[in-house]
Structure formats: C-alpha cells, structure tokens
Amino acid sequence: MPELSPRRRLVVLAICCLSLLIVSLDNTVLNVALPSMQHELGASISGMQWTIDAYTLVLASLLMLAGSTADRLGRRRIFLVGLVVFSVGSLLCSLAPGLGWLVAFRMVQAVGGSMLNPVAMSIITNTFTEPGERARAIGVWGGVVGISMAAGPVIGGLLVQSVGWRSVFWINVPIGALALFLTLRYVPESRAPRPRRVDPVGQLLVIALLGSLTYAIIEAPDEGGASAEILVFVLVALISLATLIGYERRRREPLIDLRFFHSAPFSGATVIAVCAFAALGGFLFMNTLYLQNVRGLSALSAGLYMLPMAGMTGLCAPLSGRLVGSRGPRIPLLLAGTFMGASGVLFAAFEAQKTTALLFTGYVLFGIGFGLVNAPITNTAVSGMPRAQAGVAAAVASTSRQVGQSLGVAVIGAVLAGGARASAGTGAFLAVGRPAWWIIAGCGAAILLLGALTTGPWARATARTTAALFEEERRDGHAAAKA
C-alpha cells in the first residue's frame, strides 16, 4: 500500500468505520424489532434466535476465509464486493414474506458482512503502521460500535413504530451505497506479499462446528437435551473440532494458523472476545424481550431505555483506545471485566429490573464495561502479528466476537425457553432470567481473570516468541525466493 497523507489516512479510517457502522447498527436495530417481528411472523423464541444467529453464524464461519482472500486478491476489491452483497441482502430482508425467507436473506447479508469488518481492520492495520497511531485508530473503530449501540435502539424504535420492522433493513442500503462510492474514490488497493492458500477442508470443518453447536443449543429446549437429534449435533460438533485441530496442525498454510495461539495475549484476546460478545448478545436479547413483552413498552420507548448502556459504551470505547495506546491493554481489560461482572450480579442477585433506578444502574455498568473491552481485544489480536497476515489475524478476533454473540443468544434464549415463556409476567421473567444473568456475570469474571493473566510479563514474553516464529518464517521465505 502506498504511503498516504495524514488526511487521506483519516478518510480511509472513516470509510472503514462506515462499514462497521452498518454491520453493528444492523444488530442493535434488529434487537429492538424482535417483538414486532415475532408478532407479525408468529415466531417462537427459537425462531427469533435464528434471525440473529443465522446471521452471526454465517459471518463467523466466513470471516477467516474473507480475510485471507482479501490478503490474496486485494483488500479493496473484497471490501467493495462485501458492500454490494450486504446492501442487496438488506434489501431482500426487508421484502421477506415469512420467517424462513428472512433467515435465508439474513444469511445473504452475512456473506457480505464477512467481507467487511476483518477486511476493513486489515486496511486500517496496513494504513496506520505506527503502534500508538494504530491503537488510536482502533479506538475510533471501537467507538463506532458504541455509536451504533447508542443510535441503533432509538433509530430502530422510530422506524418500527412509524413504518414497521421491515424498515430497519432499509437503513443499510443508503449507508452501503455511500461507503461504496467513497471506497472507489479514496481507498487504495493492497495485498499481502505472500498470501495464504485457500483451505476448503478447514472452512467446511469450521462451518460444521459452529452450525451444529449452535443448532444443538437453540433447539435443545424444544427437542430435549437428551434427544437423539440433539446428541447427534453435539457429536458432530465434537468430531468437527477434533478433526479441525488435527488437520490444521498438519497443513502448511492453514485457515487458522494455530501458532497464533502460542501468544498468550492473542489467545486471551480471543477468549475474552467470546465472553464479552456472549454477554452482549445475551444482554440485548434479554432486555429487548423484557422491556417490550413484560413492561409493555413500545419499540421507541424500549430503545430510549437502553440509551444509558449504549451511551456509556460510546463514551468509553475511544477512551479505551487511548488507554491502550498509552498504557497497554491491562487496565481497560480489568475494568471491563469488573463492570460487566458487576452488572450481571446486580440483575442476578438484586433483581435490578424491579426499579428503574437499579435497571439504569445495571445498564450503565454494562455499557462502561463493554465500551472498555473492544479496543484491547482488537489491538492485541493484530499487535505482534505479521502485517502480511493482518487480514487473517483480524478475522480471528472478529470471528471470536461473532461466535460469542451467537453463543450468547443461543444459551440465553435456551435458558428462557427452557424455564418459562418470556412474556409470562414480571415475576416469572425474573425467576427464569436469573440463571441467564449469572451467566453474564460469569462472562465478566472470565474477562477480569484472563485480562490479569494475559497482560503480564510472562504473557508479553510469549507474544515476542510468537512474533519471532513468524519473522523467522519470513526470512526463510525471502531466502528461498532469492535462491
């Protein structure tokens, strides 16, 4: 990639953030629309779960393929294709005649979305090469998540209440068109000097693993956890995981380079991403159903109720980016785990839904924690990794986020569906939801523990050792090419 002026770099960052905005906005807007969709389409809780998880599963399954493909064929080219497919998928979602069609079109959306976030992060990584500047750029990137969370519930509420749930998908089309125009005009093409080969076997194993695991979790309450169907899918997930690990270890250029996980900070960031986004997915799913089905709020009012959480996320995300740039990832991760865990405990042990003051306090605590966690995840995932494989490294972090969100929605939805109907009244909802809130509190505790374990001197030493492995491979490759 040619050296760009500071102003051009900022324009590239803004364009990449636009792609993140439409993908993130799609999730938060859709959550507010779930009760309206449920009523119009006559869907069950598991049906609502699939409108979210069909998207996140396909996204998670294809992110690493999209990252490595962009490194090979050109990041700008794949980014443009992603914008077109995502926008077309959004338009199709707005026209869906039934739940099955909606789930199918959400999968089309996800194919486009898989080409956006990891590729955009790869573009950012190769545009902002100085570590401090890159950390600040990633902080801005993380702040866009907060903006989407703050704007999403309100925009979604307005659209659902005034036009209908289908309109929540329309908003992606003009934003996607604007990003497409700006990308053609301002983003230069870049490729990895030595991209990895396609790994179709690894790709199929990832799809089998994530799909079978999520299906088993979502459908277990209806089918029974010990039913033959569920046990078969659990077995498929276990076999896929074991085969994936064994196959990828033997492959010279794997879909998932397991050497990345020799770095404790990278491994920690991967697991932290799963925990953080599982908590987020469960949090949004629980509160959307509670505010509209139990409290009886309109879609707009429910969106406004969520503003304390979303606003704190938007405020803390760029602050976290600056902290990572100046002090490293340790402090933001420790604070994130503490605040997210405290929010879960407030709901689980003190039934924060009973009073609006406690409810808002829980929202503020969760928003602070989630706002702090995103920048250190992303920065750690790409720091110390070779720039030539930036797309793959960023895709692993993005995949972890989507896997986490899929599992969060699947597990929390299964807890609700297995205990009682989510609309059975405040008392019943609080009783059924208590285990779900303890799960969210546990995610916060895991973030706190992993943040402490993977940011110390030992962890940094493993990161340096891992970086040396890739540097040695790079030198050997250059020597072989000269010979």
Side-chain angles (χ1 to χ4, degrees), residues 21-43 45 47-49 51-52 55 90-91 93-96 99 102 106 109 144-175 280-315 343 347 352-367 370-371 405 409 412-413 416 422-423 425-426 429-430 433:
L21 180 64
I22 58 176
V23 175
S24 299
L25 197 64
D26 194 67
N27 279 332
T28 52
V29 167
L30 183 63
N31 268 280
V32 176
L34 284 178
S36 297
M37 293 164 58
Q38 184 180 25
H39 177 73
E40 181 177 325
L41 300 176
I45 288 180
M48 291 298 94
Q49 288 172 273
T51 64
I52 297 174
Y55 176 84
S90 299
L91 185 60
C93 286
S94 71
L95 303 174
L99 181 64
L102 177 61
R106 287 281 287 163
Q109 256 193 318
V144 173
V145 176
I147 292 171
S148 71
M149 290 183 65
V154 178
I155 293 173
L158 282 170
L159 290 172
V160 171
Q161 201 159 307
S162 60
V163 184
W165 66 264
R166 296 177 186 276
S167 62
V168 302
F169 295 106
W170 299 344
I171 194 171
N172 297 327
V173 178
I175 298 176
L280 175 68
F283 185 95
L284 292 176
F285 192 80
M286 286 265 291
N287 280 285
T288 297
L289 295 177
Y290 169 73
L291 291 173
Q292 295 187 56
N293 286 357
V294 179
R295 283 209 173 190
L297 298 179
S298 67
L300 177 57
S301 296
L304 292 172
Y305 258 67
M306 298 288 284
L307 274 180
M309 184 269 284
M312 293 310 299
T313 297
L315 177 66
S343 175
F347 283 98
Q353 297 99 324
K354 285 188 173 179
T355 66
T356 300
L358 276 180
L359 184 74
F360 284 166
T361 301
Y363 287 177
V364 167
L365 290 174
F366 191 90
F370 187 74
Q405 190 160 354
V409 172
I412 299 302
L416 292 179
S423 57
T426 302
F429 188 91
L430 294 181

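- Between Phe366 and Phe283, the ring-plane angle classifies as parallel under the 30° and 60° cut-offs.
- Annotation for Leu95 and Arg166: closest pair C-NH1, 3.6 Å, computed over non-hydrogen atoms.
- Of the inter-residue distances, the one linking Gln292 atom CD with Gln38 atom CD reads 10.0 Å to the nearest 0.5 angstrom.
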Given side-chain contact (heavy atoms from CB on, under 4.5 Å), test Met309 with Asn287 step by step and report yes or no. CA-CA 11 Å; Met309 184 269 284; Asn287 280 285; over 6 Å; no
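- The CZ atom of Arg106 sits 11.5 Å away from the CG atom of Leu99 when rounded to the nearest 0.5 Å.
- In terms of modelled atom types and a separation under 3.5 Å, the side chain of Tyr305 and the main chain of Leu359 share no donor-acceptor contact.
- Looking at Gln161, its side chain does come within 3.5 Å of a backbone N or O of Leu300 through a donor-acceptor pair.
- Smallest separation of non-hydrogen atoms from Met37 and Thr51: CE-CG2, 4.2 Å.
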Report the C-alpha separation of Val294 and Gln353 in whole Å, then their side-chain angles, then the decisive distance to 0.1 Å, and conclude whether the side-chain contact (heavy atoms from CB on, under 4.5 Å) test is met. CA-CA 11 Å; Val294 179; Gln353 297 99 324; over 6 Å; no
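- Using a 4.5 Å cut-off on side-chain heavy atoms (C-beta onward), Leu34 and Ile52 make contact.
- Atom OG of Ser94 sits about 13.0 Å away from atom CD1 of Ile171, to the nearest 0.5 Å.
- To the nearest 0.5 Å, atoms OH (Tyr363) and OG1 (Thr313) are separated by 12.5 Å.
- Ser167 and Leu159 get closest at one heavy-atom pair: OG-CB, 3.2 Å.
- Taking each heavy atom of Ser343 and Leu365 in turn, the nearest pair found is CB-CB, 3.9 Å.
- The backbone N or O of Phe285 sits nowhere less than 3.5 Å from a side-chain atom of Thr288 that would complete a donor-acceptor pair.
- The minimum heavy-atom distance between Asn293 and Pro35, with the atom names listed, is OD1-CB, 3.8 Å.
- Between Phe360 atom CZ and Thr355 atom OG1 the span is 10.0 Å, to the nearest 0.5 Å.
- Here CG of Leu284 is found 11.0 Å from CG of Leu289. Values are rounded to the nearest 0.5 Å.
- Looking only at distances, no side-chain donor or acceptor of Arg295 sits under 3.5 Å from a matching main-chain atom of Ala302.
- Between Gly362 and Phe347, the closest heavy-atom pair is CA-CE1, 3.7 Å.
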